[in-house]
Each structure stands twice: as structure tokens, then as C-alpha cells.
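Here it is, the structure, as C-alpha cells.
All values reported here derive from a predicted model rather than from experimental measurement.
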There are 2 protein chains.
Amino acid sequence: MTAMRLFQEKGYESTSVADILKAAGANSGSLYHFFHTKQDLLLEVLRRYRDGIAPMLLEPAWRGIADPIARVFALLARYREALVASECSYGCPIGNLALELHEPDPPVRQAIATNFDGWVDAIERCYIDASARLPATTDRRALAVFTLSIMEGGVMQARTQRRIEDFDRSVAMLRDFVALLERQAKEQRGTT
Amino acid sequence: MTAMRLFQEKGYESTSVADILKAAGANSGSLYHFFHTKQDLLLEVLRRYRDGIAPMLLEPAWRGIADPIARVFALLARYREALVASECSYGCPIGNLALELHEPDPPVRQAIATNFDGWVDAIERCYIDASARLPATTDRRALAVFTLSIMEGGVMQARTQRRIEDFDRSVAMLRDFVALLERQAKEQRGTT
DNA sequence: GTCTATAACCCGATAGAC
DNA sequence: GTCTATCGGGTTATAGAC
């Protein structure tokens, strides 16, 4: 879908319907036959992102990686690659939309939220799969939400500063935190 | 400045010059006498945010709080208050602009980056002031960048989900991390 | 410096032939 | 289902009187 690429490159508001038609080599009548409004097109794009989380994002990132904690950092490494490949101008398309649309219509906001949920669900599963290595008191869901915060915040800073180091610094601190949690879990297992 | 409020509420692209003129009770000619373009107005708004970090943000947040680590969380609590007061629709105005403008003109991108620098500088100073309680190997600058990532990512999720819990979860995990770092530093002091 | 009027352009969406 | 032409309105910015 051409609209998917343009929304990612230029944002939703800044991409005109004429831009999409020109890039896709289509005509106004055809597009409006399938999508009643530009917002309908956006909703379809968000559905595709949601459906693509597992096959397009997680599966390639996790190929050959079984360790659940390693999987978390393998996914973050994917975002790093995209940042570096675009000289720090690529951003998470969902995060862009989340902050670009200030008062989105309810279905749009819900569709963005669903994308976040899918991402957090996948990471939460990693932490649950690694449960034996984490302290019993650590909330796995909260840790997954935290991980998404770091990814989005790291991408935001790296893009703004045109500097991959800000993303790396954020991920490095998460790595330290997880290492400390694993050490704490080990101690607790030893003392009980 | 009226433009400041509207850019925050509706975003930059979605706020028309006519909106600003109407809200401010001014006329087109007057505004363009002081600002040659809408982007000039944005740059002035970003300058005001930058100059306001200390007097408008840090000083009120830190009044009566001397402990440097407590200051970090007092600042984060300010963003929480703003989120709650707006039913999770307020966001960090700088973060909004950072992701709304996909390929900003260089001076705009630089002005946003300068705002982030000012925020990170202030938090880095907190961690430096708390140096005795942190492990010697922990990079204070990286920890400050990490803290901004968590704030921005937490705000993004809370806004999208219309749920303060996602912000709280992110901050709670940072709290756990800092507590673990303080414990680690204590151990290191004890063993040397 | 502030006013009104408007230029010049771009937007999303539609109409109606084929 | 796809085409071309266009509507009606909103956009930033300017012109020129006061």
C-alpha cells in the first residue's frame, strides 16, 4: 500500500490525497470507491500494521533467537537498524501517529492503542517466558510498558538529535536494569 | 502567547494562522508585522519553552525539594499532574512537535533538540549531585537521556490509551531501577 | 502598527460520463 | 470500477488604506 509508505515518510496530515494518487498512479474516483474518506484509509493502514506485528516485525527479528530476554533486545535492535539506515530520520510509524493526531476521532485513537497493545503483549510474553530469571515481585506487564516507553522515547530523541547515541543510551540502561533484576532474582532464589 | 497554547492544544499543522488571530483578537497584518512566517512564530514559541524550562518547570517542581533523586521524580510527577488534569489528553508540547514535524526545517529541528538538551542537562545535574549514591560505572548522561525517554514514552502511551497507569508503570520501573543502582553503589562502597 | 480585503494556492471529496 | 473535471472551502501570506 502506497499510503502506508507516505504516511510513514511524511506523516498523515502532510500527505495529501493527491500525493497518494500520484505516487500510486491511480485516480481520485478509484480511491474514493474503496475508501469513503482519507480517515478510512488511515484506519486500513493501522489495521495492516496491527496484523503485521507478528509476521513482519517479530518473526524476522526473532529468527534463530530462542532466549526471551534476548528477543526483547533483538526487537529493539530492529528499530535501531531502521534508524541508522535512514540517518536517524525514520521513526516508529505508530508513535508518530500517536503524537501527530492531537484529538483523534475515537476509532483512530483506538486503532493506535491496539497497535501498542499488540507490541506490549509480545514483549510481556517474553518477560513471562523469562519468569524464572526475574524477581517474583516484578510486574511483567509494567516492564513491557516500560520497554515500549524506552523504545519510543529513544527513537524520538535519536530522530530529533539526528544521533543514534540517544537511542543506544536508552537501550543500554534498560540492559543494565534487566541485568540487575536477573541478579536480584538469583539472590532471592539462593536465600529461600 | 496565544500561539503557544494553541500549538500545544491542537498541534502546529492543525492550528491555522486564522485560529491564532481569532483566539488572540488580533488581525493578520499585525501578526505578520512581527513574524514574517508561521514558522517564525513556531521558533519564537520554542525559544520561550527553552527559556522557561528553569523558571516555569524546574523551579515550581523542585520548590522545597533538595534531594537530587527526589527532584527527578518530582519533575516526572509534574507531567503526571498535567496528564491527569487533562484526562490524559495533554502531552509534552516538545515531544508532540518532535514527532509531528517529520522533516522539519533545520532551525526548527535544532530548536526542538535544544529544548531536549535543556531538560536532559537539568536531570543529568541531579544524577551528578547524587553521584555518591550511584555506582561509579553508571553513565550519568545516559541515565538522564534514559529518563527523558521514559517520560516521553510514558506520556505517549498514557495519552493514546487514555490511561494514566501506563505512565505510572513506566515511572515505577524507573524508580525500581534507581533503587537497585543505589543498592549496588552501597555494596561497592562496602567492599572497597 | 493596525486595519480590511484579497491574492494565489491546496485541500478533501464529489459528479457524472464511460 | 475507473476516468476527468470541478466544487466549495480553507490555507498562508500580502497589499494598501488609515
Side-chain angles (χ1 to χ4, degrees), chain A residues 1-49 89 91 93-94 96-112, chain B residues 1-49 89 91 93-94 96-112:
Chain A
M1 181 78 71
T2 307
M4 210 163 173
R5 203 192 74 234
L6 290 178
F7 286 167
Q8 162 137 10
E9 287 175 3
K10 314 189 5 165
Y12 174 69
E13 303 270 12
S14 300
T15 301
S16 73
V17 174
D19 288 337
I20 300 167
L21 295 172
K22 196 173 127 193
N27 295 99
S28 169
S30 306
L31 190 152
Y32 281 101
H33 178 73
F34 295 104
F35 305 99
H36 287 180
T37 64
K38 189 187 177 191
Q39 180 174 297
D40 278 353
L41 218 171
L42 174 61
L43 287 170
E44 173 62 21
V45 165
L46 284 168
R47 265 190 296 272
R48 294 205 181 199
Y49 275 121
S89 71
I94 310 301
N96 289 346
L97 289 166
L99 293 200
E100 178 183 348
L101 308 170
H102 285 239
E103 281 173 5
D105 287 330
V108 174
R109 190 193 60 72
Q110 187 54 56
I112 298 171
Chain B
M1 180 78 69
T2 307
M4 211 163 172
R5 202 192 77 236
L6 289 178
F7 286 167
Q8 163 137 10
E9 286 174 4
K10 315 189 5 165
Y12 174 69
E13 303 269 13
S14 300
T15 301
S16 73
V17 174
D19 289 338
I20 299 166
L21 295 172
K22 197 174 127 193
N27 294 99
S28 170
S30 307
L31 191 152
Y32 281 101
H33 178 73
F34 295 105
F35 305 100
H36 288 180
T37 65
K38 189 186 176 191
Q39 179 173 298
D40 278 354
L41 218 171
L42 174 61
L43 287 170
E44 173 62 23
V45 166
L46 284 167
R47 263 189 297 271
R48 293 205 180 199
Y49 274 121
S89 69
I94 309 301
N96 289 347
L97 288 167
L99 293 199
E100 177 184 348
L101 308 170
H102 285 241
E103 282 174 4
D105 288 329
V108 174
R109 191 193 60 73
Q110 186 54 56
I112 298 171

Length of the CG-P vector between A/L21 and D/dC3, whole Å: 10 Å
Nearest-Å distance for atom pair CG/P, residues A/L42 and C/dG12: 13 Å
Between D/dT11 (P) and B/L6 (CG): distance, integer Å: 13 Å
Set of salt bridge (charged side-chain N to carboxylate O under 4.0 Å, His left out) partners for B/E13, sequence neighbours left out: none
Gap between atoms CD1 and P, on B/I20 and D/dT11 respectively (whole Å): 11 Å
Whether B/S30 side chain and B/A26 backbone form a donor-acceptor pair below 3.5 Å: no
Length of the line joining A/L31:CG and C/dC11:P, which is rounded to integer Å: 14 Å
Residue pairs, two or more places apart or on separate chains, that pass ring pair (Phe, Tyr, Trp, His ring centres under 6.0 Å) and touch residues 23-48 of chain B: none
For atom CG of A/D40 and atom P of C/dT14, their distance in whole Å: 11 Å
Partners meeting side chain to side chain donor-acceptor pair (under 3.5 Å) with B/E103 (sequence neighbours left out): none
Pairs involving residues 22-33 of chain A, ordered by first then second residue, that meet salt bridge (Lys or Arg N to Asp or Glu O under 4.0 Å) (sequence neighbours left out): none
B/H33 NE2 to C/dT2 C1', straight-line distance once rounded to whole Å: 9 Å
Sequence neighbours excluded, every pair satisfying side-chain hydrogen bond (donor to acceptor under 3.5 Å, both in side chains) that has a member inside residues 1-12 of chain A: A/R5-A/E9, A/Q8-A/Y49, A/K10-A/D19
Where protein sits on nucleotides 12-18 of chain D, one letter per nucleotide: B base, S sugar-phosphate only, - none, heavy atoms under 4.0 Å: SBB----
